[in-house]
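First the structure, in the form of C-alpha cells, and then the observations on it.
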Amino acid sequence: MTSPRSSGAPSFEALLGRDDIVWMGQNTTHLEPAPEVVAALEEATARHEFSVYAPAGGFAELRERIVDDLRGPGSTLPLDAWVTDGAVGGLHHICTTLAPKLSQIIVSDPGWPWPARFVSLSGVPIRVLSVYDQSTHLMQAEQIAEVISPNSLIYLIDPLNPLGSSYTRPELEAIVALARETGSTIIHDCTYRHFADGHSLAAELYPEGTFSTYSFSKWLGLAGLRVGAIVADPELLSTVTAVPANPLGAGILGQRAALAGLRVKDSWLQNLRATNRANLERVEQIVDASGLGSVIVSPSQGNFLAVDLGASGWSADALCDSMLEDGVFIRPGTYQSPLHGERFVKVSTSVPPEWIERFGEVWNDRAAWGSGA
C-alpha cells in the first residue's frame with residue numbers, strides 16, 4: 001500500500017488523528033454534506049441496515065438514477081448500471097475480466113495508474129502515451145493510431161486527473177473511430193464529469209464497446225463509503241457481470257447515501273460547482289502572485305488543478321512533504337506520473353474556502369524560501 005507521501009511520511013491513520021489537516025490532495029469533497037445524505041445514513045444506521053447484504057447489482061432506483069444522470073436529459077441511450085465498491089472496484093473487475101482477450105492497454109502519463117496495474121497482473125502489455133507537454137494535455141487520436149493494435153483497451157480519464165483537461169466531442173469521435181476499426185474497448189473514466197463545464201460520453205458514440213465509470217467519492221463526498229458504478233450498454237455490461245467481483249453487493253449505507261444525493265443532485269451541484277470554481281480561481285491567483293510555479297491547465301475542468309514547478313528549485317515530493325509539516329496535504333505528481341511527476345503538484349479544490357486561504361499562506365511561505373534545496 002502507498003502512503004500519502006514519500007517514504008518516511010505520516011500514514012493516513014496518523015493524519016486522520018489530527019484536526020489541523022487541510023485535505024487538498026485526494027480530489028475529495030469536504031464541504032458540509034447535504035442534510036438529506038446525512039439523514040439517509042442516520043436512518044439506515046438506526047434500522048441496522050449495515051447487517052444486511054445489498055442486491056448484487058445495486059438498488060434498482062439507484063441504478064436508474066445513475067444512468068439518468070450520466071446520459072443527461074432527453075437521452076434515450078440504452079444503458080445499465082452496476083453498483084460497485086467505489087468506481088475502482090468496478091474498474092478492477094472489468095480490467096481483470098477483459099485481460100485474457102486484450103493485446104495491450106493504452107494509457108496516458110500523467111494519468112491514474114491502477115487500471116494498467118490491474119491488467120498487467122495477467123501479463124497484458126502497457127503502452128504509455130505522454131501528454132504532459134502536449135498542447136491539449138490529453139491523448140489524441142494521432143498518438144493512439146501510432147500504437148493501437150486489434151483488441152486494445154483504451155483508458156480515457158475525462159476530465160484528466162491530475163491535469164484538469166477534458167475531451168471535446170470531435171476528439172472523442174476520432175478516438176472512437178480507431179477503437180471501432182480495431183475492435184478495441186474504451187473505458188471512459190467519468191469520475192470528474194460533474195465539475196466540467198461540458199462533457200460528452202464516448203458511450204453515445206460507441207455504445208457497443210464503451211464502459212463508463214461513475215463515482216460518488218468526488219461530487220458527493222462519499223469517498224469513505226466506497227460506492228460507485230460501471231455503466232454500459234446492457235449487453236456489453238452482461239459480459240463482465242456474470243461472475244461479479246462482489247456478489248454480495250456494495251455497502252448498503254453507501255448506496256442509501258448515494259441515492260439521497262441523487263435525489264437532491266441539482267441543488268447540491270449548483271453550490272458545489274460554484275464553490276469549486278471560485279476556489280480554482282483563487283488558487284490560480286495565489287500561484288500567479290507567488291512566483292512559485294504555474295498552473296498547467298486553466299480553467300481546470302475538475303475539482304483540482306496541477307501546478308508546474310518549473311525552475312523553482314522545488315521537487316514535487318519535497319514541496320508536498322514540506323507543506324504537510326504545516327498541515328496542508330497536496331499531492332506530488334510522482335503519484336500519477338512516472339515520466340513527469342517531479343515537475344508538478346496537484347491541488348484539490350472542492351473544499352471550504354478557508355482551506356484555500358490556509359493553502360495560500362503555506363504556499364506563499366514556501367515561495368519566499370526561494371528553493372526546496
Side-chain angles (χ1 to χ4, degrees), residues 29 34 36-37 57-84 87 90 94 138 141 154 156-160 164-177 179-180 185-222 227-241 255 257-277 299-303 350:
T29 289
E36 294 84 355
V37 171
F59 288 125
E61 183 185 352
L62 177 58
R63 292 166 60 188
E64 291 170 2
R65 286 183 177 271
I66 289 170
V67 167
D68 287 345
D69 182 32
L70 190 64
R71 67 186 175 189
S75 173
T76 58
L77 179 69
L79 293 173
D80 194 7
W82 170 40
V83 180
T84 57
I94 290 175
L138 292 164
I154 306 170
L156 304 177
I157 311 170
D158 179 25
L160 177 60
S165 41
S166 186
Y167 287 94
T168 65
R169 190 176 184 89
E171 288 171 333
L172 287 177
E173 289 172 343
I175 294 171
V176 160
R180 182 175 279 119
T185 300
I186 292 175
I187 293 179
H188 195 188
D189 188 330
C190 300
T191 297
Y192 302 98
R193 74 184 304 266
H194 292 89
F195 299 97
D197 295 327
H199 190 268
S200 297
L201 278 183
E204 293 179 347
L205 307 169
Y206 187 37
E208 70 273 24
T210 300
F211 294 95
S212 304
T213 68
Y214 187 100
S215 175
F216 290 96
S217 295
K218 313 305 182 183
W219 76 268
L220 197 55
L222 302 186
V227 58
I230 299 298
V231 180
D233 175 87
E235 183 177 348
L236 178 63
L237 190 62
S238 69
T239 65
V240 298
T241 57
Q255 292 198 53
L259 186 52
L262 283 170
R263 289 171 179 160
V264 298
K265 180 196 68 173
D266 291 344
S267 58
W268 170 255
L269 279 179
Q270 184 176 3
N271 176 64
L272 174 67
R273 286 171 52 85
T275 301
N276 181 66
R277 181 58 58 198
S300 169
Q301 296 301 298
N303 62 330
S350 54

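Only a predicted model underlies this, so the values are computations on that prediction, with no experimental measurement involved.
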(request) Using the side-chain contact (heavy atoms from CB on, under 4.5 Å) rule, take F216 and L62 through it: C-alpha gap first, then chi angles, then the decisive distance, then the call. (result) CA-CA 12 Å; F216 290 96; L62 177 58; 4.0 Å; yes
How close do [X] and [Y] get, heavy atom to heavy atom, and via which atoms?
X	Y	result
R277	F195	NH2-O, 3.9 Å
A202	I186	CB-CG2, 4.5 Å
P159	G302	CB-N, 4.4 Å
L172	S200	CD1-O, 3.5 Å
S166	H199	OG-CD2, 4.3 Å
Y206	R180	CD1-NH2, 3.5 Å

Return the [atom1] to [atom2] distance between [X] and [Y], rounded to the nearest 0.5 Å.
X	Y	atom1	atom2	answer
L79	L201	CG	CG	7.5 Å
W82	L237	CH2	CG	7.5 Å
N303	L272	CG	CG	7.5 Å
F211	T185	CZ	OG1	6.5 Å
D68	L262	CG	CG	9.5 Å
Y192	S217	OH	OG	8.5 Å

(request) List the steps and the verdict of side-chain contact (heavy atoms from CB on, under 4.5 Å) for T239 and L236. (result) CA-CA 5 Å; T239 65; L236 178 63; 4.1 Å; yes
(message) Is it the case that the ring center of Y214 lies less than 6.0 angstrom away from the ring center of H194?
(response) yes
(request) With S215 as reference, evaluate L222, T84, T191, L220 under the side chain to side chain contact (heavy atoms under 4.5 Å, CB included) test and give the passing residue. (result) T191
Just by distance, do the side chain of [X] and the backbone of [Y] share a donor-acceptor pair under 3.5 Å?
X	Y	value
S267	V264	yes
Q255	V227	no
T213	I230	no
R273	A196	yes

Indicate yes or no: at least one non-hydrogen side-chain atom of [X] is less than 4.5 angstrom from one of [Y].
X	Y	value
V231	R71	no
D80	R63	yes
R193	H188	no

(request) Return the set of residues passing side-chain hydrogen bond (donor to acceptor under 3.5 Å, both in side chains) with E204 (not counting sequence neighbours), or none when no residue passes. (result) R169
(request) Tell me, with the steps shown, if W268 and V37 meet side-chain contact (heavy atoms from CB on, under 4.5 Å). (result) CA-CA 11 Å; W268 170 255; V37 171; over 6 Å; no
(request) Step by step, work out the side-chain contact (heavy atoms from CB on, under 4.5 Å) result for I66 and V83. (result) CA-CA 9 Å; I66 289 170; V83 180; 4.2 Å; yes
(message) Between S350 and N276, is there a side-chain donor-acceptor contact under 3.5 Å, judged purely by atom types and distance?
(response) no
(message) Is it the case that over 12 heavy atoms from other parts of the model lie below 6.0 angstrom from the CD atom of E235?
(response) no
